[in-house]
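Step one of this worksheet: look at the structure below.
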Amino acid sequence: VQLQASGGGLVQAGGSLRLSCAGSGGTLSSYAMGWFRQAPGKEREFVAVIIWSGTRTRYLDSVKGRFTISRDNAKNMVYLQMNSLKPEDTAVYYCAAYVAPYVPDGAAAPKASDFHSWGQGTQVTVSS
């Protein structure tokens, strides 16, 4: 499956953006789907994940209550609604497919190495 992320841009602190991830060459409903981000000079960081059915989600603590991950399997799309954006949210955002339909429960955040089919990323810049 190939993934294409879009929807990034420049926004002021407190603003909102909606990222989209379009799948092609395969059905996204076979996978849990995730969003990661990478700021300059930093490692890629887990942001959110949603299981295949859309009924369970997990978030990075710092985005809980501000970001919402969702999916539309009929359209082969995954979304990340980002509200109350902060300058520290500035990064390139990537969508990726997990190796299974479900993500195991546990305290540890899903690892980037357990995801595949990374899209090219979309830049989000939040100005103060």
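Hydrogens, waters and symmetry mates are skipped; everything else that's a heavy atom, side chains included, is used.
Of all heavy-atom pairs between Ser30 and Pro101, the closest is O-CG, 3.3 Å. Annotation for Val49 and Ala32: closest pair CG2-CB, 4.3 Å, computed over non-hydrogen atoms. Of all non-hydrogen atoms in Leu80 and Ala48, the two that sit nearest each other are CD1-CB, 4.2 Å. Ile69 and Tyr59 get closest at one heavy-atom pair: N-OH, 2.9 Å. Scanning all heavy atoms of the two residues, the minimum distance from Arg37 to Leu60 falls at NH2-CD2, 3.6 Å.
At a threshold of 4.5 Å between non-hydrogen side-chain atoms, the residues Tyr94 and Gln38 count as touching. Side-chain contact between Thr122 and Val92: absent, with no pair of heavy atoms (C-beta onward) separated by less than 4.5 Å. At least one side-chain heavy atom of Pro110 sits less than 4.5 Å from a side-chain heavy atom of Arg58. Put simply, the side chain of Arg56 does not reach to within 4.5 Å of the side chain of Ile50, judged on heavy atoms. Between His116 and Val1, some side-chain heavy-atom pair lies under the 4.5 Å cut-off.
Under 3.5 Å, the side chains of Gln123 and Thr125 contain a donor-acceptor pair of N or O atoms.
Annotation for Ile51: hydrophobic cluster partners, listed by chain and number, are Trp52, Tyr102 (ILVMFWY side-chain heavy atoms under 4.5 Å, direct or chained).
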Is there a side chain to side chain contact (heavy atoms under 4.5 Å, CB included) between Ser117 and Leu3 once you walk through the steps? CA-CA 6 Å; Ser117 304; Leu3 301 174; 4.2 Å; yes
Trp118 vs Arg44, test: side chain to side chain contact (heavy atoms under 4.5 Å, CB included). Steps then yes/no. CA-CA 12 Å; Trp118 294 85; Arg44 195 164 293 191; 3.2 Å; yes
What do the steps show when you test Arg71 against Met33 for side chain to side chain contact (heavy atoms under 4.5 Å, CB included), and what is the final call? CA-CA 9 Å; Arg71 66 190 301 160; Met33 295 296 298; 3.6 Å; yes
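In terms of modelled atom types and a separation under 3.5 Å, the side chain of Gln120 and the main chain of Gln4 share no donor-acceptor contact. Judged by distance alone, with hydrogens and angles left aside, the side-chain atoms of Thr90 form a donor-acceptor pair with the main-chain N or O of Val126 at under 3.5 Å. Remark: side-chain polar atoms of Asp72 are paired, donor with acceptor, to backbone N or O of Lys75 under 3.5 angstrom.
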May I have the list of side-chain donor-acceptor pairs in residues 15-27 shorter than 3.5 Å, sequence neighbours left out?
from: Ser16; atom 1: OG; to: Asn83; atom 2: OD1; distance (Å): 2.9
from: Thr27; atom 1: OG1; to: Ser29; atom 2: N; distance (Å): 3.4
from: Thr27; atom 1: OG1; to: Ser29; atom 2: OG; distance (Å): 2.8

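Distance check: Ser62 OG to Glu88 CD gives 8.0 Å after rounding to the nearest 0.5 Å.
Note: Tyr93 and Phe67 have tilted aromatic rings, judged against thresholds of 30 and 60 degrees for the angle between ring planes.
One hydrophobic cluster, built from ILVMFWY side chains closer than 4.5 Å, holds both Val103 and Phe36. The hydrophobic clustering, which links ILVMFWY residues whose side-chain heavy atoms are closer than 4.5 Å, places Trp35 and Tyr79 apart. Under the 4.5 Å side-chain heavy-atom criterion for grouping Ile, Leu, Val, Met, Phe, Trp and Tyr, Val63 is not connected to Phe46 through any hydrophobic cluster.
A distance of 6.0 Å or more separates the ring centres of Tyr31 and Phe115.
Classification of Arg66 and Asp89 as a salt-bridged pair holds, one side-chain N sitting under 4.0 Å from a carboxylate O.
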